[in-house]
A.B. asks: 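Have a look at the structure that comes next, please.
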2 protein chains.
Amino acid sequence: MDEAAGPVAGPAETGAGQRRRGQTVTIRDVARAAGVSPATVSRVMNNRETVAPDLARRVQQTAASLGYRPSAVAQGLARGRTGLVAITVPDLGNPMFQSVLRGLSRAAGRDGYRLLVTDSHELPLEELVLAQESRLRADGLVLCSPRSHDRELAELAHTIEPFVLVNRNVEGVDAPTVAVDYASGVRAVCAHLGWLGHSRVAYLEGPRASVPNRERRETLEAAAEGRFALHVVECGSMLEDGFEAADRALATGATAIVGYNDLVALGAQGKLDEIGVRVPDQVSVVGFDDIPLSRYTAPRLTTVAVPQEDLGREAWQRLGAMLRGEAPPADVCFTPRLEVRQSTGPALR
Amino acid sequence: MDEAAGPVAGPAETGAGQRRRGQTVTIRDVARAAGVSPATVSRVMNNRETVAPDLARRVQQTAASLGYRPSAVAQGLARGRTGLVAITVPDLGNPMFQSVLRGLSRAAGRDGYRLLVTDSHELPLEELVLAQESRLRADGLVLCSPRSHDRELAELAHTIEPFVLVNRNVEGVDAPTVAVDYASGVRAVCAHLGWLGHSRVAYLEGPRASVPNRERRETLEAAAEGRFALHVVECGSMLEDGFEAADRALATGATAIVGYNDLVALGAQGKLDEIGVRVPDQVSVVGFDDIPLSRYTAPRLTTVAVPQEDLGREAWQRLGAMLRGEAPPADVCFTPRLEVRQSTGPALR
DNA sequence: TTGTATGCGTTATCAT
DNA sequence: ATGATAACGCATACAA
């Protein structure tokens, strides 16, 4: 009904003449309409106290009626900050990283920052490119479990500053770091399996570029020494990888399978179920991370639990401080806790 | 070894005196150092062909040696486009949305666009605010399974344009839409359960604000008519919700449980396992989405499989077209496929 | 308290 | 082919 009210209701008569290319309605339009200067509009929009209350109200009303919304890009340029914080993860599909993300999102959100998320898909070469690129559009960066080499990371560190490292210490880089003492987790796993009498253990190895993987493998190897035979099986980081590595793990004669992470462990468990191998009666399975699902599978997964959201929160605590020009809190290293559930049991013989 | 090659290689001698507040090195620094105008540097950086080859090389070298990197924000302002596409999802923790994300990320990435991801945490009120905000920093928006009311969405539609809707049709909004015909999926489920002889079915209901939930419930109710008794059980969208709703579902005397999504179904399955109810011998379980994990649980989950990555890809196909000023392809509606696995079986009696 | 003028870093238009 | 110069939209130091 209201549609064709006026006969010649073209926008020509309404306000300004021709439309610009960029923003539909700018701060100047509001200023003009309200009969004030752009500066005043800016002040009103940013709640500067130095504006007469009634004027402020008038400006707000005209702004609202015009549907004015400040350009985030222009603000970013003028202020020298975007209000964005970038985070790069190896695999968004991994619930572990999601939890870190959530922790970061919550913490940063409280300070008015939004997240720019990028997924490097476990590709070490793309990782730093992505990180640099996203850092360019954000005020800071959280590098989560980077797969890149120490050397390259150190070389490019200055291009992504300020940033904080999660889940990895890098030689020659002094960025604030939030880490997990996986070695202690591995030792707890070994103690647990040893106590259950396991003498042959298979480790489903993660991505070669993953530092946590190397740490887990090496700690495992060291702990195995004189306690049990360790077989390292090539695998990966995803469900499918665990699923198809299970056979090979079994072929080693292992009575216990340690997955690189929960996804891999659950994938392996899926395969074991499919081929009729009972867990934990015939084979025990252990994972890392304690993703939410680990609590709901059958059998429920024994895993090394890391405080995932805390990692994100602590990361922001450091990055936020740097953005405020303050000195970031000291590095932190969480000690994981072995969550013993149903997927581990006594060795057969 | 190569470290301390030059004796006095301090940056003091090299270039300009004092640092500015914003960018460390700008296009003007490069221009000055190369003895050309900023315009030429810009042309070189953007691979404009109209620059003499040797000059271009020289500029590239000075740019590289100065470590110059164009400001994405300034480019955004000048070009009128950010190269960012925003996506808002109800729950990043849901693998279903991750898959959509991946599909979108891949497709948009091929066109040089990056993703700005925001999670509304299933809060209808925050959703549109977040969407507006992120849209402000991006060139377009993908609204994934929005929980907001039709009316509000229609009212604010103009503030988030251009955008495309995934997994939801909205009355009064003519944005391109990529959807799934869940009703047909529900009917397939009913046929399947009916054929198995189930006469009492419990539906674990998702978030009240979820339109897909309403659609599933209503289609279920319609299909139940004269075929089986349907009990709707309040639940939610996450693992925990399914876990704690399982008891109530069981209390209805149902021999089959249909979860709002796979997460809920798996959560329920976890509870059933814990209390010793065998699936599918005693109770059948069905989910929606077909998240990767559904293939690996014990028992493997029967579920309504939707082409998750395709949703993201198709969304970009439409948004990308709009950004290029073209007309987006016609709306698309995928027909899901019932993936019968192990969690469903004949009814007891 | 409000307005003017300039800067933010780049792109693009117009000369040359 | 290259160089001034004006947008782009907003914030802010300074002036009034």
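Convention: sequence-line order gives letters A, B, ...; per-chain numbering from 1.
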A.B. asks: So, OP1 or OP2 of dA11(D): does either fall under 4.0 Å of a side-chain N or O from Ser42(A)?
C.D. replies: yes
A.B. asks: For Leu77(A) and dT11(C), give me the distance from atom CG to atom C1', rounded to whole Å.
C.D. replies: 12 Å
A.B. asks: By nearest atom, which of the nucleotides dA1(D), dC8(C), dT11(C) is closest to the Asn46(B) side chain?
C.D. replies: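 The answer is dT11(C).
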A.B. asks: Does Ser120(A) use its side chain to pair, donor to acceptor, with the backbone of Thr118(A) at less than 3.5 Å?
C.D. replies: no
A.B. asks: Take Phe97(B) and Leu311(B) through the side chain to side chain contact (heavy atoms under 4.5 Å, CB included) test and state the conclusion after the steps.
C.D. replies: CA-CA 10 Å; Phe97(B) 297 126; Leu311(B) 289 176; over 6 Å; no
A.B. asks: Does any N or O donor sit under 3.5 Å from an N or O acceptor when you compare the side chain of Arg43(A) with the base of dG3(C)?
C.D. replies: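 Yes, a donor-acceptor pair under 3.5 Å.
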A.B. asks: Counting only side-chain heavy atoms from C-beta out, which of dT2(C), dA12(C), dG9(D) sits nearest to Arg48(B)?
C.D. replies: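 It is dA12(C).
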A.B. asks: Is the distance from OP1 or OP2 of dG3(C) to the nearest side-chain N or O of Ser37(A) less than 4.0 Å?
C.D. replies: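 Yes, within the criterion.
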A.B. asks: State which of dT2(C), dG9(D), dT11(C) makes the closest approach to the side chain of Ile27(B).
C.D. replies: dT11(C)
A.B. asks: Taking Arg318(B) for the side chain and Ala330(B) for the main chain, is one N or O donor matched with an acceptor at less than 3.5 Å?
C.D. replies: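 Yes.
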A.B. asks: What is the distance, to the nearest angstrom, from the CD atom on Gln75(A) to the C1' atom on dC8(C)?
C.D. replies: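 It works out to 13 Å between those atoms.
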A.B. asks: Taking only side-chain N and O atoms of Thr40(A), does any of them lie within less than 4.0 angstrom of OP1 or OP2 on dG3(C)?
C.D. replies: yes
